Amino acid sequence: MKTTYLYIALALLILSEGIILWKNHQQKKEIALKDHYMERLVTSAQTMESAFQSSVENAGQQIYGNITARDTADNAIPLAEIAKNTGGNLLICRYSERMCRECVEHSISVINDSISHFDISRILFLAENSSRRVFKLNIDEYGLQGCPVLNCPNLGIPAEEAMFPYIMAVDSSLRVLSVYFPTKSTHGTDYDYRHVKYMYDKLIH
């Protein structure tokens, strides 16, 4: 009889230890999920803060129309002519070979992966490449064949100093309406797309 009680007590002890271990495991999983969620919130908050500051700093800045962009055939096209021919506001995705390649790929994908949601006549990809060869290579590498892409030197606005690709809305006089800096940390989500699409719907379309 004593042996039976001992076995029962031992079984209960093992069962209770198992329950404690299982609860600890579940708590660790919950903590890990909460930590991951908090990291995403922090990333979102940092992105929103940066986007807000950039938009305020660049809104109202004037891009001078005498700046000349060039196409793949090296034809010179004044930015003022592009803006005039658009007949309205324009959404520009600005990138450079001097910027983080992953950042550039992500920023381009924000628009290019959902290009059917935009009016292509109101979109311009504006590169800054050191040579026509690099410019043409990048168009192929970034999947921009068939998209309006030009090569252009410094635009003379604060956003150019950030050394990160950005997306901006400008009016027909090339006055900056809003600027947004996508972040590669949100790649795989629709976070940046939703913000850019909102800017497009309110300021371009």
Side-chain angles (χ1 to χ4, degrees), residues 54-55 57-101 103-182 192-193 195-205:
S54 299
S55 187
E57 185 180 27
N58 288 277
Q61 294 284 333
Q62 184 67 50
I63 300 172
Y64 295 105
N66 59 356
I67 295 176
T68 299
R70 293 183 178 275
D71 61 19
T72 53
D74 208 32
N75 297 311
I77 309 169
L79 288 182
E81 182 179 321
I82 298 169
K84 181 181 178 181
N85 291 340
T86 301
N89 297 346
L90 187 66
L91 191 72
I92 297 175
C93 179
R94 177 64 162 163
Y95 65 94
S96 169
E97 66 184 2
R98 298 180 294 123
M99 298 170 181
C100 155
R101 185 179 180 87
C103 298
V104 170
E105 289 175 342
H106 172 66
S107 296
I108 289 174
S109 74
V110 170
I111 296 176
N112 204 29
D113 286 357
S114 304
I115 198 68
S116 62
H117 297 170
F118 301 94
D119 179 354
I120 194 67
S121 68
R122 297 291 186 88
I123 303 292
L124 176 63
F125 292 91
L126 205 55
E128 183 188 25
N129 292 119
S130 59
S131 70
R132 185 156 61 103
R133 184 185 67 83
V134 173
F135 173 51
K136 293 172 72 173
L137 281 173
N138 282 170
I139 289 176
D140 291 336
E141 291 170 349
Y142 296 143
L144 291 174
Q145 306 91 330
C147 295
V149 191
L150 295 173
N151 193 16
C152 185
N154 195 291
L155 299 176
I157 59 174
E160 293 283 279
E161 307 305 317
M163 288 305 298
F164 283 99
Y166 60 92
I167 297 171
M168 67 177 169
V170 301
D171 65 16
S172 58
S173 70
L174 292 176
R175 180 174 62 90
V176 178
L177 303 175
S178 184
V179 169
Y180 181 76
F181 284 85
D192 286 325
Y193 166 75
H195 285 77
V196 171
K197 187 62 165 60
Y198 180 82
M199 182 165 66
Y200 171 83
D201 289 341
K202 295 300 180 181
L203 300 175
I204 306 297
H205 189 60

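Worth saying up front: this structure is predicted, and the values here are computed from it rather than measured.
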message = Determine whether a donor-acceptor pair (N or O, by modelled atom type, separation under 3.5 Å) exists between the side chain of Gln62 and the backbone of Ser173.
response = yes

key: Side-chain donor or acceptor of Glu97 paired with backbone N/O of Ser130 under 3.5 Å   = yes

task = Return yes if some donor-acceptor pair links the side-chain N/O of Arg94 with the main-chain N/O of Ala127 below 3.5 Å, else return no.
result = yes

message = For the backbone of Thr72 and the side chain of Arg132, can you confirm whether one donor and one acceptor N or O come within less than 3.5 Å of each other?
response = yes

query = Should the pair Phe118 and Tyr193 be assigned to parallel (<30°), tilted (30 to 60°) or perpendicular (>60°) ring geometry?
reply = perpendicular

key: Pairwise side-chain contact, Ile67 with Pro153, heavy-atom cut-off 4.5 Å (strictly under)   = yes

query = Can you list the residues that meet the ring pair (Phe, Tyr, Trp, His ring centres under 6.0 Å) rule with Tyr142, with sequence neighbours excluded?
reply =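 Residues passing ring pair (Phe, Tyr, Trp, His ring centres under 6.0 Å) with Tyr142: Tyr95.
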
ask   = Considering only heavy atoms from C-beta outward, does the side chain of Val176 approach that of Asp171 to under 4.5 Å?
value =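 With C-beta onward as the side chain, the pair stays apart.
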
request  = Kindly compute the distance separating CG (Leu155) from CD (Glu128), expressed to the nearest 0.5 Å.
outcome  = 8.0 Å

ask   = Do Asn58 and Met168 come within less than 4.5 Å of each other through their side chains, counting heavy atoms only?
value = no

inquiry  = Please list all pairs meeting salt bridge (charged side-chain N to carboxylate O under 4.0 Å, His left out) that have one or both residues in residues 133-145, counting only residues at least two apart or in different chains.
reply    = Arg101-Glu141

request  = Determine, step by step, whether Phe181 and Tyr166 satisfy the ring-ring contact (aromatic ring centres under 6.0 Å, His included) criterion, reporting the C-alpha distance in whole Å, the side-chain angles of both residues, the deciding distance to 0.1 Å, and the verdict.
outcome  = CA-CA 4 Å; Phe181 284 85; Tyr166 60 92; 5.5 Å; yes

message = Looking at Asn112 and Ile108, would you say the former's side chain and the latter's main chain have a donor-acceptor pair under 3.5 Å?
response =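 Not a single qualifying donor-acceptor pair exists.
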
query = With distance as the sole criterion, is a donor-acceptor pair present between the side chains of His117 and Tyr200 under 3.5 Å?
reply = no

query = Hey, does the side chain of Thr86 reach the backbone of Gly88 with a donor-acceptor pair shorter than 3.5 angstrom?
reply =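 Looks like no, no N/O pair under 3.5 Å.
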
inquiry  = What's the separation between atom CG in Asp192 and atom NE2 in His106, rounded to the nearest 0.5 Å?
reply    = 3.5 Å

query = Taking Asn151 for the side chain and Arg70 for the main chain, is one N or O donor matched with an acceptor at less than 3.5 Å?
reply =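 No, Asn151 side chain to Arg70 backbone: no donor-acceptor pair under 3.5 Å.
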
request  = With sequence neighbours left out, write down each residue that passes ring pair (Phe, Tyr, Trp, His ring centres under 6.0 Å) with Phe125, or none if nothing qualifies.
outcome  =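 Phe125: no ring pair (Phe, Tyr, Trp, His ring centres under 6.0 Å) contacts found.
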
